[in-house]
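One structure is given here, and the rest of the page talks about it.
In what follows, chains carry the letters A, B, and so on, assigned in the order in which the sequence lines appear, proteins first and then strands, with residues in each chain numbered from 1.
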Amino acid sequence: MNKIIILIALYMSLFPLNVYAEQRVEDVLIRLEEKMSDIKTLQTGFVQEKNLAIFDRKIILKGRIFLEKPDLFAWHTEEPTRYSMIIRGDIILQWDEDIDQVQKVSMKDNPAFQTVVGQMRKWLSGIYMSLLEEYNVTVLGQKPVSLKFIPRENTMAYNIISYVRIVFREDERYLCEIYIKEKGGDSTLLRFNDTMLNTPINDAAWEVKPRG
Amino acid sequence: MADKRKRIISVLAAGIILISAIGLRSISFDNNIELMLPANPEILRSMRFLRESNLSDKVILSLRLKSPEYITHDLIQAVDQLENSLKPPLITDVISGVSKADLMQEMHSFMRYVPQLLSEQELSKIAKQITSEGVKTSLSRDYQQLLTPGSGFVTPFIRSDPLGIKIGFLSNIQKLSSSLGYKVQIKDGYFISQDGRNAMLILKTPVRLTDGFGSKNLIEYLHKQLESLPEFISADIIAGHIHTISNEDVMKKDIRLTLTIVSVAFLLLFLFVFRDIRAVLIFIIPLISVLVSINLSAIILGKLSYFIIGMGAVVAGIAVDYGIHVYLAVRTGDGRADAVKKIIKPVIIAALTTISVFTAFFFSSVQGYHQLALFSIISIILCLVCALFILPHLLTGKSYKNLPVMFRKTSSLHSQTSDRICIACWGAIIIAAIVLSRQVEFNSDISQLDGSKQDVIQTEQEFHNVWGGADKPAILVVSGKNLEETLQRNERIYAEAVNMEFTSFSKLWLSNQTRTANSARWNKFWKQGRELKLRELLQEHGQDYHFSNDAFSPFFKHLYTDEVIENMPEGLTFFNRLKERFILKKADGYQVLSFFPDKDQYIKALSAISSRYPKTFLVSVNTFSRMLSQSVSSEVIFLSGITALLILALTCLLLRNIRLTLLALIPVITGILLILGIMPAIGLSLNAPCVIAGIIVIGLCIDYGIFMVYTCRYNLKTGTRMAVSLSALTTIIGAGALLFAMHPVLFSIGITLVIGVTGGYISALLVIPSLHRLTVKKAQSGKGT
């Protein structure tokens with residue numbers, strides 16, 4: 001009997017903590033959104049490690065990302081191959097050094113691209129409050145802030161993604177690291193470096209084919 | 001003896017009114033707009049298609065977040081809650097979206113059918129890709145996509161389709177899904193607006209648009225279910241059924257309002273002018289006639305249109321004339337029998353000409369006009385019989401005082417000068433009307449006849465602001481006795497229209513015959529050494545991008561298609577939804593639909609294609625409107641011709657004098673020209689109901705002409721001028737009441753009748769006597785000298 005009382009007491013004492021934890025997730029997301037809300041431009045270097053079954057080795061990718069609100073986005077890789085992708089609204093321009101041709105794709109006509117770009121924007125934007133509808137979010141750590149996103153059932157990500165882990169910089173102004181674990185075992189680790197916020201972006205960043 | 005007869009007649013009348021009033025409750029009314037359309041085969045085919053295709057029978061619910069404190073997730077929860085509460089029999093299916101998780105899987109499993117769907121030209125394109133350069137390009141694109149953070153979503157597609165052969169079909173699915181033009185995004189599998197604040201549910205119901213009672217039940221049921229939504233959600237219902245109910249409500253209110261106005265105005269008029277309680281009998285006669293006529297028409301026709309019943313007030317206004325003439329003859333004539341005898345001929349002539357006008361409606365191809373003709377003719381005959389044979393008996397035993405001078409005495413101070421001034425004024429008005437009538441326009445837009453309340457229209461506008469879809473596409477319908485035959489015909493048309501903005505089911509699925517041929521061609525294509533070549537090229541260039549050896553094994557595993565399914569894929573929700581939209585199962589076969597912009601250039605091009613294929617036709621709102629306009633115009637010319645001939649022949653036959661016949665036609669000409677002149681001057685255009693009213697104006701005005709010509713010729717002292725004035729006044733009251741109607745059909749009829757009858761009446765009263773004196777009398781005096 002005493003055990004039951006102790007268990008009930010324990011449960012009762014834990015219950016407020018659960019509520020507190022849930023409140024804190026939203027508080028953390030709101031706080032992060034506030035800190036990132038004034039970002040008009042972003043330029044950052046990145047190193048990405050891809051562990052995919054389709055490849056015979058781990059692929060390490062180095063490059064830079066540029067973002068200018070409201071709808072300009074650029075993804076340039078320098079290693080192992082040079083590749084550029086520029087997104088202006090609905091239009092995607094692609095170029096890579098092997099083919100050396102610019103390809104123009106409309107996202108409306110290509111659902112696969114739509115999905116890929118949607119995912120990239122989602123994770124790189126840093127605005128995660130709206131993701132509460134698609135993911136269960138937990139706070140893994142506070143200093144630095146680390147969040148874990150697990151897809152909710154009946155969402156597009158549910159059958160693909162196992163979880164996504166995001167680590168913020170100390171100043172919480174942008175991300176430090178994104179780790180995506182897929183259900184099939186594939187994983188992606190993206191680390192950011194030399195991040196600059198609200199600094200003017202050189203026009204060359206929006207050119208899909210590098211000059212020279 | 002006379003008292004006993006009166007009592008019997010009174011009891012009989014009361015009994016008939018009571019039975020007719022009770023009978024009204026059991027009559028089934030119809031507000032189907034098709035009744036008012038000409039029986040043009042193309043128009044009827046389009047209307048029948050729209051009715052039977054159930055495209056318009058669907059109901060859409062649009063849910064909106066009212067408060068910014070709530071997010072899309074709350075909206076989705078409300079959608080779930082509502083979806084679970086909607087049950088048969090009124091709602092048979094609810095589509096709130098597609099699960100995107102399932103959609104990705106479904107699309108992936110649909111990819112196995114792609115080899116059956118690729119044509120010879122598309123295989124040629126693939127052949128060009130199986131080169132060192134082509135494979136390298138494909139692998140490079142695949143590689144770059146796989147290196148983005150969202151690659152998990154595309155990996156299965158790339159592994160089973162390294163050359164991107166099948167990716168075009170994903171795009172086709174997307175295009176077909178948005179062929180109705182709604183701006184929808186799928187969020188968590190739900191239809192959500194671009195701003196994330198609205199959700200859409202599409203409901204299927206067995207209730208037809210034309211079923212007024214069923215529509216009411218359906219909308220009441222939906223409102224009840226919507227009550228349970230949370231406070232922060234508002235919901236709008238978008239459905240043709242609401243138009244049905246709203247039109248019915250507006251029409252019923254209008255009928256009540258106009259009948260009340262007419263009743264009160266008639267009673268006040270008779271009591272004020274005649275100051276005799278028996279004058280009420282004149283009003284009761286058309287009332288009984290119209291009531292009995294509605295019942296008789298319903299027995300004969302089965303169903304009656306609300307539009308026709310709405311004309312009850314107008315018919316009452318016409319039919320009351322005979323009673324007025326009889327009453328005034330009795331009251332002002334030398335003796336009852338003698339007075340009635342004097343006017344019996346012009347009254348019967350007037351009734352016959354009016355009947356002839358309505359008889360002309362039987363020559364029309366519009367079913368609604370037949371109803372109107374039957375209903376009006378019965379009313380007029382009943383009214384005539386009552387006025388001539390019953391009313392005089394009820395007016396006996398009363399010594400009447402003389403009527404006020406203004407009604408009795410006719411002016412005797414006519415000079416040739418005043419006659420000439422009168423005719424000159426009339427001539428000037430006629431010329432002005434002719435000039436103005438050149439601007440008259442015929443508006444054939446069928447939606448102008450929709451009398452739905454403003455809030456219904458506003459809700460739809462708000463819905464289109466959020467979801468788009470206001471511009472409905474045109475449809476090419478391909479019919480066939482079985483699905484295979486229909487799909488084959490659909491493919492041939494698609495092949496011709498492939499370069500147009502043409503959304504065809506052939507983009508997604510083909511006939512068994514074509515798929516079998518495609519499948520055999522696909523297998524042969526790869527067996528001609530291309531499989532081996534592709535394996536080698538993937539191996540060679542895949543190494544450059546570090547693809548593993550089995551990276552594309554899913555592609556080669558399912559490369560050859562062993563069997564071609566006979567009909568359609570099973571178990572794919574997205575496919576079934578598209579199939580429902582594009583393929584209709586009919587009692588005598590199938591119809592496959594294709595959608596394209598409703599613009600002249602496409603209509604012209606696709607009409608040319610359609611003309612080469614039997615069992616195909618186009619359904620376009622714009623074309624429909626044009627066809628309707630042409631059809632109504634030819635109908636109007638035809639009916640006007642018949643009416644003019646009938647009236648001319650009848651008037652000529654009864655008056656036996658060409659000059660008098662021409663005089664009797666003056667009110668008709670005046671009335672019609674004033675309608676054509678005044679309508680554009682006050683910013684109104686003509687429409688189908690106006691044309692009907694115009695023909696009624698002809699029937700009424702010829703009566704005024706005949707009475708005035710009779711009076712002038714035989715110098716009758718039977719109160720004809722007053723009778724004509726009261727006849728016109730009662731008709732104008734009846735028609736004028738329609739000016740208060742909310743329903744555009746009733747309003748159009750009202751305004752046309754008021755203008756036409758007023759013009760006809762004034763010309764009958766002033767112009768005919770003047771012209772008679774100046775022409776007929778002069779001729780007679782000329783002969784005399």
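The two atoms that bring B:Ser160 and B:Phe555 nearest to each other are O-CD1, 3.2 Å, heavy atoms only.
Chain B forms more heavy-atom pairs under 4.5 Å with one residue of A:Thr81, A:Thr188, A:Ile59, A:Leu190 than with any other, namely A:Ile59.
Ring orientation note: the planes of A:Phe46 and A:Trp75 are close to parallel, at an angle under 30° on the 30°/60° scale.
A salt bridge links A:Lys209 and A:Asp100; the closest N-O separation between the charged side-chain nitrogens and carboxylate oxygens is under 4.0 Å. Ion pairing between a basic and an acidic side chain is recognised when a charged N comes within 4.0 Å of a carboxylate O; B:Asp550 and B:Lys557 show no such pairing.
The aromatic ring centres of B:Trp467 and B:Phe191 sit 6.0 Å or more apart. The six-membered or imidazole ring of A:His76 lies away from that of A:Tyr83, with a centre-to-centre distance of 6.0 Å or more.
Residue A:Ile178 does not touch chain B at all, counting heavy-atom pairs closer than 4.5 Å. Neither the backbone nor the side chain of A:Pro151 comes within contact range of chain B; no heavy atom of the residue lies under 4.5 Å from a heavy atom of that chain. When heavy atoms are compared at a cutoff of 4.5 Å, A:Ile160 approaches chain B solely by way of its side chain, counted from C-beta outward.
Exactly one residue among A:Val25, A:Val28, A:Thr138 makes a side-chain contact (heavy atoms from CB on, under 4.5 Å) with A:Leu147. That residue is A:Val28.
By a heavy-atom distance cut of under 4.5 Å, B:Lys136, B:Thr137 are the residues of residues 129-138 of chain B near chain A, going up by number.
Under the 6.0 Å distance and 45° angle rule, A:Lys148 counts as a cation-pi partner of A:Tyr163.
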